[in-house]
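These notes are about the structure you will find just below.
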Amino acid sequence: MKTSFFFCKQGHIEKDATNGTYCVYNSDVATGYGVGAFLFLLSSESLLMGVTKCMCFGRSLAPGGDRAWSIIYFVSSWATFLAAEACLIAGAKKNAYHTKYVGMIYAQNFTCETLRKGVFIAGAVFVVATMILNVYYYMYFSKATATKAALKTNRTSSVGMTGYA
């Protein structure tokens with residue numbers, strides 16, 4: 001049986017049957033925003049990888065600087081994407097699960113602190129970095145595929161053909 005005996009600014013402290021204290025918070029809109037951001041970032045990354053065929057299944061890229069930059073931005077965007085998704089999911093999960101046991105502690109020394117906003121801020125920074133890297137990846141990917149197509153169409157034989165009559 002739980003009994004509430006102390007109210008904090010963002011939540012309240014409760015005791016359980018073993019006299020352990022923990023915080024209980026009201027639902028927060030940040031959890032929904034975190035999940036929404038996760039889904040939008042996932043869909044945008046999926047769209048980009050679908051359009052570019054994940055750089056593996058489409059046309060081959062022309063050798064050169066554009067190809068190298070395309071690969072660098074591809075790897076970098078995936079790294080920041082995974083970091084952003086991890087931050088957003090961790091923040092949403094931690095924000096949704098506000099209850100944390102702290103053991104036997106006196107209520108006068110106990111405060112209910114909400115999740116530090118740093119997890120969502122880090123997620124937002126990684127989302128912006130992913131967006132910028134994705135733009136550069138697509139730009140260099142497009143240049144590398146266009147260069148390859150231009151090289152194929154402009155090929156001519158350097159050996160002249162002579163006619164035998």
Side-chain angles (χ1 to χ4, degrees), residues 8-14 22-103 111-161:
C8 295
K9 187 175 181 181
Q10 289 91 7
H12 62 277
I13 298 173
E14 290 192 7
Y22 58 97
C23 284
V24 176
Y25 292 89
N26 297 332
S27 63
D28 194 352
V29 72
T31 303
Y33 287 154
V35 171
F38 172 84
L39 293 175
F40 279 119
L41 184 61
L42 181 65
S43 64
S44 69
E45 191 76 10
S46 299
L47 178 67
L48 180 65
M49 292 305 131
V51 167
T52 62
K53 295 184 177 120
C54 201
M55 206 172 63
C56 303
F57 301 110
R59 292 185 300 210
S60 62
L61 302 178
D66 292 334
R67 177 182 176 178
W69 281 112
S70 179
I71 292 169
I72 289 168
Y73 285 124
F74 175 79
V75 171
S76 300
S77 73
W78 267 102
T80 57
F81 167 75
L82 292 174
E85 294 289 89
C87 286
L88 291 173
I89 284 299
K93 179 187 170 280
K94 192 147 183 141
N95 201 39
Y97 184 73
H98 289 297
T99 306
K100 181 180 179 184
Y101 278 92
V102 291
T111 61
C112 294
E113 295 181 9
T114 59
L115 172 70
R116 290 174 44 200
K117 305 226 184 286
V119 177
F120 282 125
I121 291 172
V125 168
F126 281 120
V127 166
V128 171
T130 301
M131 178 189 69
I132 292 168
L133 290 170
N134 281 344
V135 167
Y136 280 108
Y137 161 64
Y138 186 72
M139 184 176 67
Y140 282 104
F141 177 83
S142 297
K143 285 182 183 179
T145 54
T147 304
K148 181 76 170 179
L151 288 175
K152 279 187 176 181
T153 57
N154 292 336
R155 287 187 184 167
T156 58
S157 176
S158 61
V159 177
M161 300 300 283

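What you see is a predicted model; the values in this text were computed from it and never measured.
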Could you tell me which residues satisfy side chain to side chain contact (heavy atoms under 4.5 Å, CB included) with I132, sequence neighbours excluded, listed by chain and number? V128, Y136
How would you list, by chain and number, every residue that makes a side-chain hydrogen bond (donor to acceptor under 3.5 Å, both in side chains) with E45, sequence neighbours excluded? N134
What closest approach, in Å, do G123 and C87 show between heavy atoms, and which atom pair accounts for it? CA-CB, 3.6 Å
Heavy atoms only: give me the nearest F126-A84 pair and the separation to one decimal. CB-CB, 3.4 Å
Looking at OG of S142 and CE of M139, how far apart are the two atoms once the value is rounded to the nearest 0.5 Å? 9.0 Å
Checking S76 now: which residues fulfil side-chain hydrogen bond (donor to acceptor under 3.5 Å, both in side chains) with it, not counting sequence neighbours? none
Between the CZ atom in F74 and the SG atom in C56, the distance rounded to the nearest 0.5 Å is 5.5 Å
Distance to the ring centre below 6.0 angstrom and angle to the axis at most 45 degrees; does that hold for K143 and Y140? yes
Measure the shortest side-chain to side-chain distance between T52 and Y137 over non-hydrogen atoms and say whether it is less than 4.5 angstrom. yes
Which residue, L133, L41, V127, forms the side chain to side chain contact (heavy atoms under 4.5 Å, CB included) with F81? L41
Hey, could you give me the CE/OH distance between M55 and Y73, rounded to the nearest 0.5 Å? 13.5 Å
Please determine which of L61, V51, L48 meets the side chain to side chain contact (heavy atoms under 4.5 Å, CB included) test together with F141. L61
Applying side chain to side chain contact (heavy atoms under 4.5 Å, CB included), name anything that partners Y33, two or more places apart in sequence or on another chain. V29
Set of side chain to side chain contact (heavy atoms under 4.5 Å, CB included) partners for I89, sequence neighbours left out: F38
Under 3.5 Å, sequence neighbours excluded: what are the donor-acceptor pairs made by side chains of residues 65-72?
none

